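Everything below concerns the one structure shown next.
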Amino acid sequence: MKPESHDKQLDKTIARAIGEVEPVRFDAQAWKMRYPQHVQQLTARASGHRSIPFWRILMNSRLTRWTGMAALIALAFGLLLFNTTSQTAWALEKTLAALQDVKNIYYTGRIRNHGEAVASTVFEAWAEPSLADPTISGNLRHREGSDHLFIENESENRTVVTTAYAQWGRYVYLTDGINRARALIPNGDLLQRLHREAKNWKEELTMDRTGREWVYVTFEGAPINTARFWRIQIDPLTNLPVKTGIWFDASYQGDPHFSFDDLQYNVPIPEDFFTYEIPAAAQVFDSPAISAWLDQQQGLGVDVMDAQGKSARQVAEAYGQALIAADSQALGRLRPLQPAASLLRRSVTDVEILRVNHINDPGVFMTVVIQIREADDRTRQELLHVEVRELDGSLRGVIVDPLPN
Amino acid sequence: MTENHDQHLVKQALQGDIDAFTVLAERHYPALVATAHSILGDRHLAEDAAQEALARVCEQLDRLRNPERFGPWLCRIVRNVATDTLRRRSKLVVTASVPEAVQETACGPDLTRVRAIVRRLPSRLREVVYLRYYDDMSYERMADFLGVSCQAINGRLRRAKRLIKKEMRHWEELL
């Protein structure tokens with residue numbers, strides 16, 4: 001069979017396998033009936049008022065993967081507790097009504113190890129509900145310490161993640177879509193489960209030194225790490241939770257293992273607050289563009305088993321060996337976006353892997369810090385970004401860098 | 001041409017012209033369904049995702065900064081809707097993976113195998129395969145929709161076909 005006819009045969013086979021017998025046609029009338037509010041929104045070009053009946057946010061990044069969950073659980077638990085109490089003035093309906101007017105939320109929090117504050121895990125965030133699905137966040141700005149930030153922008157449909165390193169400067173990762181927000185228990189299933197599993201529900205109305213009343217709800221509930229003793233502070237004037245803490249033991253003494261120290265609602269948010277201005281000196285990883293570029297290459301990287309830290313280490317080791325051997329071909333395969341000549345300007349005698357960070361968030365990469373010893377015995381550290389993906393039909397690990405402009 | 005025409009329709013839709021929006025929707029609907037199908041592996045779910053994506057467009061259209069990039073913007077929305085759907089269904093964090101299971105159909109076992117091979121392709125390659133073969137979309141339309149060059153489309157398709165051929169040969173050797 002000639003190559004051309006073989007290709008045509010392949011086209012035909014794929015078309016038969018993938019192509020749809022039933023034509024794909026848009027039924028405008030059916031769609032308009034299904035989404036009357038959206039049609040109305042388009043035709044009216046409404047002002048964009050965001051009224052949310054009930055919403056929650058869950059981030060999926062590093063520490064915040066679960067800290068966000070905790071915040072939502074805390075908020076949600078607060079609601080549920082009110083619902084189960086007949087003698088309190090904080091009925092679920094009142095809280096739900098209060099949440100109707102919530103257009104954004106601001107919170108700060110921190111995690112401590114057995115009472116010791118861990119500075120790197122102090123975080124704060126601003127979030128607005130998604131226009132498309134008010135049960136999750138749409139616009140979100142989340143900061144951890146002074147060096148890590150991510151911003152989700154719903155209208156731009158992208159998430160920008162940025163980390164600043166003292167040694168290497170600022171790295172910016174542009175990722176496709178809103179990929180840190182998560183819908184948690186939108187139908188209340190998890191709430192119900194947590195409610196069922198919680199023990200020792202207690203509510204207490206107390207007065208602080210200024211004479212202000214607060215409601216404290218305590219219970220043994222869903223564990224965060226191994227901490228499982230919760231306390232939620234509610235403002236009876238607004239019916240909204242203002243603080244949450246989770247302790248390792250039921251004494252509630254000392255600082256909580258995990259806490260939300262400040263929950264605020266409807267805070268002023270500056271315009272463009274959910275847009276990230278990329279600093280001129282930043283190294284920008286346009287993740288979708290890098291992915292698209294990689295998809296078009298052949299023979300890159302090394303075979304790896306999975307997208308875990310071990311594979312990142314394996315790639316870094318291969319890279320180190322190529323540096324020591326001054327093997328420009330291998331370097332071209334392992335780190336294709338850096339000219340091999342620039343990597344081999346100085347001869348290398350040793351490469352040591354110092355740190356491997358495996359982050360499983362969309363649009364960011366595993367990172368490996370290596371220490372390179374040069375022939376004159378000088379050392380320098382390098383941050384490698386390792387991507388693991390299917391290339392040439394097998395799982396390959398490759399070191400990526402910003403695409404050239 | 002399509003791009004320019006899209007731009008004009010987007011402007012009309014921004015003024016509340018539902019007919020202009022409908023034309024846009026009709027034009028891009030097959031690409032939306034194909035893209036969602038490449039992620040979800042199911043026609044009905046893909047249609048749901050495409051329709052949901054159009055609903056989101058209604059909400060967010062006035063925030064589209066570059067109307068000339070309507071196609072790629074739409075593409076990103078449907079990818080996200082489909083990925084969200086997949087997440088909800090699997091209750092797992094999803095990266096680019098898709099269900100491996102392929103339903104047997106009346107097409108016969110060979111086509112089922114081809115479909116399984118396509119579903120194991122990297123997501124961006126699988127996407128162009130679906131766009132190309134799902135509704136016989138031209139390279140120009142695909143390029144407009146994905147926001148890449150025709151050359152890139154050609155490269156991706158060639159690479160996808162090479163991988164499919166390789167897998168098919170592998171199967172033939174096994175049988």
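All of these numbers come straight from a predicted model, not from anything done at the bench. Order of the sequence lines sets the chain letters (A, B, ...), proteins ahead of strands, with each chain counted from 1.
- Residues A:Ile14 and B:Lys161 have side chains in contact (heavy-atom distance under 4.5 Å, counting atoms from C-beta outward).
- Both the backbone and the side chain of B:Ile18 come within contact range of chain A, judged by heavy atoms closer than 4.5 Å.
- Looking at B:Arg158, there are no atoms closer than 4.5 Å to chain A (heavy atoms on both sides), in backbone or side chain.
- Contact annotation for B:Arg162: only side-chain heavy atoms (C-beta onward) come within less than 4.5 Å of a heavy atom of chain A.
- Ranking B:Arg79, B:Glu26, B:Gln51 against chain A, the residue ahead of the rest is B:Gln51, based on heavy-atom pairs under 4.5 Å.
- Of residues 27-36 of chain A, those residues lying under 4.5 Å from chain B by any heavy-atom pair are A:Ala28, A:Trp31, A:Lys32, A:Arg34, A:Tyr35.
- Nearest heavy atoms, B:Val114 versus A:Ala17: CG1-CB, 3.7 Å.
- Atoms CG and CG, on B:Leu14 and A:Leu42 in that order, are 8.0 Å from each other to the nearest 0.5 Å.
- In this structure, A:Thr43 OG1 and B:Gln15 CD are separated by 13.5 Å, a value rounded to the nearest 0.5 Å.
- Comment: B:Arg124 engages A:Asp176 in a salt bridge, judged by a side-chain N to carboxylate O separation of less than 4.0 angstrom.
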Q. Could you walk me through whether A:Gln296 and B:Arg159 pass the side chain to side chain contact (heavy atoms under 4.5 Å, CB included) check?
A. CA-CA 7 Å; A:Gln296 294 176 61; B:Arg159 185 144 178 270; 5.7 Å; no
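- Within residues 147-157 of chain B, the residues having any heavy atom closer than 4.5 Å to a heavy atom of chain A are B:Ala152, B:Arg156, listed by residue number.
- Contact of the B:Met168 side chain with the A:Leu10 side chain is registered, since non-hydrogen atoms from C-beta on lie closer than 4.5 Å.
- Note that SG of B:Cys58 and CD of A:Gln37 are 11.5 Å apart. Values are rounded to the nearest 0.5 Å.
- A:Ile178 has its side chain out of reach of B:Asn80: every pair of non-hydrogen atoms, C-beta onward, lies at least 4.5 Å apart.
- Between A:His38 atom NE2 and B:Phe21 atom CZ the span is 10.0 Å, to the nearest 0.5 Å.
- Between B:Gln60 and A:Asn157, every side-chain heavy-atom pair lies at or beyond the 4.5 Å cut-off.
- B:Ser123 OG to A:Asp295 CG: the interatomic distance, rounded to the nearest 0.5 Å, is 6.5 Å.
- Between B:Tyr134 and A:Ile18, the shortest heavy-atom distance links the atoms CD1-O, 3.7 Å.
- Residue contact with chain A, scored on non-hydrogen atoms closer than 4.5 Å, is absent for B:Leu64.
- In this structure, chain B has a heavy atom under 4.5 Å from the side chain of A:Gln298, while its backbone stays farther away.
- In this structure, the side chains of A:Phe26 and B:Val33 stay at 4.5 Å or more apart for every pair of heavy atoms.
- Per-residue counts of heavy-atom pairs under 4.5 Å with chain A were compared for B:Asp17, B:Val129, B:Leu54, B:Val118; the largest is that of B:Leu54.
- For the options B:Ala25, B:Ala46, B:Ala50, heavy-atom pairs under 4.5 Å to chain A are most numerous at B:Ala25.
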